[in-house]
Amino acid sequence: TDHLRDEAWLAAEGERMAACIRIAAKYEVRYDAAAGNNEARALLIDEFIKECRDAGAVFNLTGNFGAMVNVIFGGL
């Protein structure tokens, strides 16, 4: 948690978050249109995550209990 006091890290994290929000906006219509089609939605999520990773985002679900529960039970 020391990085939470690091202003440079926080600024960079904010930039990564903003980039991912802009990226998410590109997927919103297609994701909504795929309602009821979990396979199509999963492919869109994979594509979104790849694009976010390319923008420098890091996804680590191990520190998020709710996300891990969803992974275990097929919700993510």
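Remark: Y31 engages no residue in a ring-ring contact (aromatic ring centres under 6.0 Å, His included) (not counting sequence neighbours). Remark: D32 pairs with no residue by the side chain to side chain donor-acceptor pair (under 3.5 Å) rule, at least two apart or across chains. Residues satisfying the side chain to side chain donor-acceptor pair (under 3.5 Å) criterion with E51, sequence neighbours excluded, are K26, Y27. In this view, A40 and A34, N37 satisfy the side-chain contact (heavy atoms from CB on, under 4.5 Å) rule, not counting sequence neighbours. Legend: residues meeting side-chain contact (heavy atoms from CB on, under 4.5 Å) with A42, ordered by chain and number and at least two apart, are absent. The side-chain contact (heavy atoms from CB on, under 4.5 Å) check on C52 picks up C20, I23, F48, A57, F59, with sequence neighbours excluded.
H3 contributes atom NE2, which lies 8.0 Å from atom CG of L10 (distance to the nearest 0.5 angstrom).
Residue pairs meeting the salt bridge (charged side-chain N to carboxylate O under 4.0 Å, His left out) criterion with at least one partner in residues 61-75, sequence neighbours excluded, are absent. For residues 8-23, the set of pairs meeting the side chain to side chain donor-acceptor pair (under 3.5 Å) definition, not counting sequence neighbours, comprises E13-R16. The salt bridge (charged side-chain N to carboxylate O under 4.0 Å, His left out) analysis of residues 38-47, with sequence neighbours excluded, yields the pairs R30-E47.
With side-chain heavy atoms closer than 4.5 Å counting as contact, directly or through intermediates, L43 stands alone and belongs to no larger hydrophobic cluster. The hydrophobic cluster around M17 extends to none of the other residues, as no ILVMFWY side-chain heavy atom falls under 4.5 Å of it.
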